Protein chains: 4
Amino acid sequence: MSSSTPQRRGNTRQRIQDVALDLFAEQGYEKTSLREIAERLEVTKAALYYHFKTKEEILVSIFEDQTRPIDEVIEWARAQPATLETKQEMLRRYSNAMVAGAQLYRFMQENQATMRELSIGETVRRRLFTMVELLLKRDAPLTDQVRCVSALFTLHAGMIFLQQVEGDPEETRQAALEVAIDLITQAHHA
Amino acid sequence: MSSSTPQRRGNTRQRIQDVALDLFAEQGYEKTSLREIAERLEVTKAALYYHFKTKEEILVSIFEDQTRPIDEVIEWARAQPATLETKQEMLRRYSNAMVAGAQLYRFMQENQATMRELSIGETVRRRLFTMVELLLKRDAPLTDQVRCVSALFTLHAGMIFLQQVEGDPEETRQAALEVAIDLITQAHHA
Amino acid sequence: MSSSTPQRRGNTRQRIQDVALDLFAEQGYEKTSLREIAERLEVTKAALYYHFKTKEEILVSIFEDQTRPIDEVIEWARAQPATLETKQEMLRRYSNAMVAGAQLYRFMQENQATMRELSIGETVRRRLFTMVELLLKRDAPLTDQVRCVSALFTLHAGMIFLQQVEGDPEETRQAALEVAIDLITQAHHA
Amino acid sequence: MSSSTPQRRGNTRQRIQDVALDLFAEQGYEKTSLREIAERLEVTKAALYYHFKTKEEILVSIFEDQTRPIDEVIEWARAQPATLETKQEMLRRYSNAMVAGAQLYRFMQENQATMRELSIGETVRRRLFTMVELLLKRDAPLTDQVRCVSALFTLHAGMIFLQQVEGDPEETRQAALEVAIDLITQAHHA
DNA sequence: AATGAATGAGGTTTCATTCAT
DNA sequence: GATGAATGAAACCTCATTCAT
């Protein structure tokens, strides 16, 4: 977890990413200034510019380093036959992948306006569409298409919104996963 | 036409709210400057400050004027017995209420980080919790609780995300409503 | 005392002066805005402009209305022979005159930088010089000239600075007057 | 004298303080804008903010750097027995210390309203009280207490007000010092 | 006698970014 | 691998003032 790795020497680049994500997720991208990041790291702003060309690049680099697990889920699903079992397993794997990138997901959820203007926004949106397509049955009725999207949103809600309410995170995540699988199953059988 | 206040002639206050919401929803709250709003209205920044004390107050006033329909749904639901029919009707009414406030919903969805720091954030969050509680069966298993939350998120997704994809907005909304009602019904029968 | 006259009806002009002086003395001239004055009076800023052409004019009008007693002291002293007794009596009368205009004196003391740029600044300065000249013995040694100035500053200190420290205001004023008379007497006998 | 040091090259922080004090003393604190300071230094406003966090901090830093001599006078006086000779010597040293900080003294004299709202106001006031206490004879009659305060005000008048009138500044200062010592001596013998 | 609406100028402050060292 | 110094643009906001009504 980003905030628990102090690592004084050497890998400043990594430390910048960690602190930046902490702050971006906590306060939002625009409200987080490079001064703030630098201060928390006890370096100067100029040091950030040694490692990254722009503020946006810090964010981009975080995405590049942390979204691989999700891309792997997609690649895996693509290589399988489009059966119900594949889709169910895909949701399971996706839910797992989200655990590691929880903070990044929270960031995405809460900074959609920002994401839209930023270059990665497109990438993320495309990834989401790809997943929906992998879940969908061709020419399914509209309600079933909604169910597929809803399944994904349920996983997200389970990670982000529900965490702030219910008790045990892991239990909540399992429940969300169950509901999501249920939705996709209904969509498949229709 | 966002609200109910008299309007008559030269009602700048109203025009400010309208333009501001347009821009806030389009670009995000922080990325929208008062200069931009003023320019689009062909007034000076100072004119905005005649009508609103701060930038935040513009946003707050928009919420105050536009969230009444949703509050009315909640009040209505509170006055009914907590039957399945009530819950279904509540979702229907909520979905309807969202149509009028579509832009505001998009704003909330995409600016969650901003909302959290702003005073209205709490209000909105509380409203969401209230709705969840009205949908919930006391002591329902966790999965059913997730279903209730998921029903609401589905309506939101139907309004916001899905609109950008599918064909006819109204058809999509109806499909989302159907799925949401389905979810709540499952939760109820469990 | 300005702050104790509410006087709801009619003489708004007077009420503006009272509130303005209260605020000018309390916070300084530049830090007091017309908005503040208007708010405290529960009128609009525009109303102030019905009674006074500019912010500065409010201040000028206060001086015009409140400095007559001091001018009378000067006029009186001018009409007398320049004896020690005259000078002593002049200090006594001046000290008395200061009581009524205490707030205005505090304002002058604390806003000298402002006064210098404002038109009345010159007037006030000239009045001070006039008083010094009336106290001075022609061709007195420099130290005695200092004593005369010092006598006046002692009265001021007795009104403004010392008031914030010692007990009974009236007693303090009398003590300051005594010291001032003492100084002028020494200057005279030298 | 702050305005007469060209300061070679590089030391911007110092130059900012110098120019700022010049302008603050000349026009008053509020009427002096950061734009003005920056322009006179031929740097941008942002450069000022690299060296100082706020406008107030510029002023505070000037005080911190320039009031040490006065604090040393106080410390010295504290370490001596409270004899008349000590008090006389204290006034002499204080008068000397004022020469170096003449501009700062003028600023304080003319911007008391401003000082009161600013954090250093308290510090300055406290310093003044301390000096009065060091000059005072315990349980002296009120008039003698006034004499002590008057002695200090006389020094100030000698530095600020009288300078604008009389001929040679140094001669004036000596005369003021003489009168002040006289006052304190009277207060002591009473 | 006073208001409602607006303006133009200017205020302090913050930001992402650059570059010589 | 990083700093110190600085910039240009722009942000939010406040002010004294005006004028039609």
Side-chain angles (χ1 to χ4, degrees), chain A residues 9-13 15-16 29-38 41-58, chain B residues 9-13 15-16 29-38 41-58, chain C residues 9-13 15-16 29-38 41-58, chain D residues 9-13 15-16 29-38 41-58:
Chain A
R9 295 272 128 163
N11 59 339
T12 307
R13 195 190 138 91
R15 288 172 59 225
I16 293 173
Y29 177 77
E30 354 262 347
K31 296 249 288 207
T32 301
S33 69
L34 295 185
R35 179 178 53 67
E36 231 174 329
I37 298 174
L41 282 165
E42 293 175 286
V43 258
T44 54
K45 271 182 291 173
L48 306 184
Y49 279 89
Y50 177 80
H51 293 282
F52 300 95
K53 260 210 285 283
T54 65
K55 184 185 180 185
E56 190 175 342
E57 226 211 57
I58 299 181
Chain B
R9 183 158 283 252
N11 192 338
T12 310
R13 195 190 140 93
R15 288 172 60 223
I16 293 172
Y29 177 76
E30 355 259 349
K31 298 251 288 206
T32 301
S33 69
L34 295 184
R35 180 180 52 68
E36 234 175 327
I37 298 174
L41 283 166
E42 292 178 290
V43 280
T44 57
K45 273 178 289 168
L48 306 185
Y49 279 93
Y50 174 75
H51 294 281
F52 301 96
K53 265 206 284 283
T54 63
K55 185 184 180 186
E56 187 176 344
E57 226 211 57
I58 298 180
Chain C
R9 295 270 129 162
N11 59 338
T12 307
R13 195 189 140 93
R15 288 171 60 223
I16 293 173
Y29 177 76
E30 355 260 348
K31 297 249 288 208
T32 301
S33 69
L34 295 185
R35 180 179 53 66
E36 232 174 331
I37 297 174
L41 283 165
E42 292 175 288
V43 255
T44 54
K45 271 184 290 173
L48 305 184
Y49 279 90
Y50 176 80
H51 293 282
F52 300 96
K53 262 210 284 284
T54 65
K55 184 185 181 184
E56 189 175 342
E57 225 211 58
I58 299 180
Chain D
R9 194 156 277 254
N11 192 342
T12 308
R13 194 189 139 93
R15 287 172 59 224
I16 293 171
Y29 176 77
E30 356 260 350
K31 297 251 287 206
T32 301
S33 70
L34 296 184
R35 180 182 51 69
E36 233 174 327
I37 299 174
L41 283 165
E42 291 177 289
V43 280
T44 57
K45 275 177 290 168
L48 305 185
Y49 278 91
Y50 174 74
H51 293 281
F52 300 95
K53 265 207 284 285
T54 63
K55 184 185 181 184
E56 188 176 342
E57 225 211 58
I58 299 181

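Below, each value reflects all heavy atoms present in this structure, side chains not excepted, and no hydrogens, waters or symmetry copies. As the structure is a computational prediction, the values presented were derived from the model and not from experiment. Naming: A, B, ... by sequence-line order, numbering from 1 per chain.
With sequence neighbours excluded, the residues forming a salt bridge (Lys or Arg N to Asp or Glu O under 4.0 Å) with B:K31 are A:E117, listed by chain and number. Checked against salt bridge (Lys or Arg N to Asp or Glu O under 4.0 Å), C:R35 has the following partners two or more places apart in sequence or in another chain: C:E39.
Using a 4.0 Å cut-off, some side-chain N or O of A:S33 falls inside it from OP1 or OP2 of E:dC15. The phosphate of E:dA6 (OP1 or OP2) has a side-chain N or O of B:T12 nearer than 4.0 angstrom.
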Could you list the donor-acceptor pairs under 3.5 angstrom formed by side chains in residues 46-57 of chain D, with sequence neighbours left out?
residue, atom, partner, partner atom, Å
D:T54, OG1, D:E56, N, 3.4
D:T54, OG1, D:E57, N, 3.0
D:K55, NZ, D:Y29, O, 2.9
D:K55, NZ, D:T32, O, 2.9
D:E56, OE2, D:S119, N, 3.2
D:E56, OE2, D:S119, OG, 3.0

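Between B:F52 atom CZ and F:dC12 atom P there is a gap of 15 Å when expressed in whole angstrom units. To the nearest angstrom, P of E:dT14 lies 20 Å from OH of A:Y29. Nucleotide E:dA2 holds its P atom 10 Å from the CG atom of C:L41, rounded to whole Å. Distance D:Y49 OH to E:dA16 P: 17 Å, rounded to the nearest Å. Look at CD on A:E57: it is 15 Å from P on E:dA16, rounded to the nearest Å. At whole-Å resolution of the value, CG in D:L34 and P in F:dA11 are 20 Å apart. Atom C1' of nucleotide E:dA6 and atom CD1 of B:I16 are separated by 11 Å, given to the nearest angstrom. Nucleotide E:dG11 holds its P atom 13 Å from the CD atom of C:E30, rounded to whole Å.
Checking B:T32 against C:R35, the closest nucleotide of DNA chain F that is more toward the 5' end is the one next to B:T32. Comparing C:K31 and C:K53 against DNA chain F, the residue whose closest nucleotide sits nearer the 5' end is C:K31.
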### Message
What does the 5'-to-3' dot-bracket notation of DNA chain E look like when only Watson-Crick and G-U wobble pairs under 3.5 Å count, and pairs to other strands show as |?
### Response
.||||||||||||||||||||

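Atom CG of D:N11 is separated from atom CZ of D:R15 by 8.5 Å, given to the nearest 0.5 angstrom. Note that NZ of D:K45 is 8.5 Å distant from OG of D:S33, once rounded to the nearest 0.5 Å.
The side chain of C:H51 lies closest to E:dA2, out of F:dC13, E:dA2, E:dT13.
With contacts defined as side-chain heavy-atom distances shorter than 4.5 Å, the pair D:L34/D:I58 qualifies.
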Close N or O pairs between protein and nucleotides 7-9 of chain E (under 3.5 Å):
residue, atom, partner, partner atom, Å
E:dT7, OP2, B:T44, N, 2.9
E:dT7, OP2, B:T44, OG1, 2.8

